[in-house]
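In what follows, a single structure is set out as structure tokens and then discussed.
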Amino acid sequence: MPPNSEYLRRENVALAYALALAGMAAFTPVFAAGKIADGLLPVIVLVWLRFLGGALTIVCFGTIRRVPIFSQVSPLWKLHLMRAFCGIGGLACTIYAASILPLADATAIGLTKGIIAIALAGLILKELITGRHWLSGGLCAIGAYLVVRSVGSSDGLSTFALDGVVAALMAAVFMACEALIMRYIAQRENTVTILAYVNVFASVLLTVPVIWIIREQQIPLSSLWAFAWLGPVAIIGQSLNISAYRRAGAATLAPIYYSSVVLAAAFAYLVWGEVPSPVAAVGAGLIVLGGLVLSCPLPVRKMQRSNGG
């Protein structure tokens, strides 16, 4: 299925970065839901609430806007289903990792998805991967590593829970795959349809096991309502991410998502009073530098064009 000109946007890296940052800001409390819940709800229930709330939000929005979401089956329904599986896996692993590790640690480890997305974008989507992509990704990876070391320096990295680290790495793989799928479908279908399919598919897949868990553990309705905000907030974040992928490739956007560790650190400071160390500040600076390497134009290239003209 070729790209639809209706959903294509002119390449605009700066705007794509701004949209991606806003989307990450919306998702920061969603990823921290396990730490916020503090054992009140199992991870799978939190994931279900996020997708169920998202499905209800986007279907209601589509109905009000009279968008024919399910008037005919999407020709990309298999990709939507694949993305739903990736979304469930990525969110579950992220929430679980963040409930065990410090939020900045879990986020930083998950940032390996950027390197994975760059490699997959070149292999699968055949996007042009330049030296700037690798330089940007390398700077961001070093910065993320410094943040992880700084957060764990007081107790030592050996105290990190192995299952939390593995979960964060698995989340990176799931989210890298989801990013490639999102890049493909974002240029072929409208935002409401994209969000409706993934949220409905994911919530339906989880409904039966989650209802069984709720009944077995006798989880009160008040606990479920306390996290009803997950769905609407995630829909806002997804809408912003889709808009970003319409304006820049997956490889181009991958490095900027390293900034999520900065957002996570800021959120952790505001909510739990965590103060970043000087090493963490250096790491954050490298993450920002990695984004600037890719977004700023090369003066050498401009000079070559002018000389050639």
Side-chain angles (χ1 to χ4, degrees), residues 23-71 73-74 76-99 167 170-171 174-175 177-179 181-182 185 189-242:
M24 284 187 289
F27 267 111
T28 298
V30 176
F31 291 153
K35 191 177 293 291
I36 296 172
D38 195 24
L40 183 65
L41 294 174
V43 171
I44 189 173
V45 176
L46 291 170
V47 175
W48 177 69
L49 287 172
R50 173 260 174 274
F51 283 111
L52 178 63
L56 294 174
T57 300
I58 198 63
V59 169
C60 290
F61 178 81
T63 302
I64 295 173
R65 295 293 297 271
R66 298 182 180 180
V67 179
I69 303 173
F70 302 115
S71 59
V73 177
S74 167
L76 301 176
W77 69 269
K78 292 182 180 179
L79 284 178
H80 289 297
L81 184 59
M82 289 175 58
R83 185 176 167 230
F85 276 110
C86 291
I88 291 172
L91 182 61
C93 290
T94 300
I95 291 178
Y96 178 71
S99 66
M170 290 179 62
F174 279 122
M175 288 189 286
C177 294
E178 184 182 9
I181 297 173
M182 186 186 299
I185 62 179
E189 292 187 334
N190 64 75
T191 301
V192 175
T193 299
I194 293 171
L195 295 180
Y197 267 93
V198 69
N199 283 275
V200 170
F201 274 153
S203 59
V204 170
L205 289 171
L206 292 174
T207 293
V208 173
V210 167
I211 289 179
W212 181 81
I213 291 173
I214 292 174
R215 293 186 61 182
E216 283 294 311
Q217 298 187 11
Q218 297 182 345
I219 298 175
L221 185 60
S222 59
S223 298
L224 300 178
W225 276 113
F227 289 88
W229 54 270
L230 287 172
V233 171
I235 288 296
I236 294 173
Q238 281 186 312
S239 300
L240 293 167
N241 283 335
I242 290 173

Does any pair with a residue in residues 78-92 pass salt bridge (charged side-chain N to carboxylate O under 4.0 Å, His left out), and if so which ones, sequence neighbours excluded?
Arg83-Glu178
Contact between Ile214 and Trp48 at the side-chain level, heavy atoms closer than 4.5 Å - yes or no?
yes
Leu91 and side chain to side chain contact (heavy atoms under 4.5 Å, CB included): which partner among Leu46, Val30, Leu230, Val43?
Val30
First locate atom CG of Asn241, then atom CE of Met182, and finally report the distance between them rounded to the nearest 0.5 Å.
5.5 Å
Write down the atom of Cys86, the atom of Cys177, and the distance for their closest heavy-atom approach.
SG-CB, 3.9 Å
So if I apply the side chain to side chain contact (heavy atoms under 4.5 Å, CB included) rule between Arg50 and each of Val233, Asn199, Leu206, which one comes out positive?
Asn199
Residues Glu216, Ile213; criterion side-chain contact (heavy atoms from CB on, under 4.5 Å); working and verdict
CA-CA 5 Å; Glu216 283 294 311; Ile213 291 173; 5.7 Å; no
What is the distance from atom CD of Gln217 to atom CH2 of Trp212, rounded to the nearest 0.5 Å?
8.0 Å
Less than 4.5 Å apart, side chain to side chain, heavy atoms only: is that true for Leu52 and Thr207?
no
Can you find a heavy atom in the side chain of Leu195 that is under 4.5 Å from one in the side chain of Phe61?
no
State which residues pass ring pair (Phe, Tyr, Trp, His ring centres under 6.0 Å) with Phe31; sequence neighbours excluded, sorted by chain then number.
Phe27
Taking all non-hydrogen atoms of both residues into account, name the closest pair between Ser223 and Leu41 and its distance.
O-CD1, 3.5 Å
Can you measure from CD1 (Ile219) to CD1 (Ile211) and round to the nearest 0.5 angstrom?
11.5 Å
Using only atom types and a distance under 3.5 Å, with no angle test, would you say the side chain of Tyr197 pairs donor to acceptor with the backbone of Leu76?
no
Rounded at 0.5 Å granularity, tell me how far CD1 in Ile185 sits from CD1 in Ile194.
4.5 Å
Quick check: closest heavy atoms across Val192 and Gly62, and the distance to 0.1 Å?
CG1-CA, 4.0 Å
Between Phe227 and Leu49, the two heavy atoms sitting closest are CB-CD1, 4.0 Å
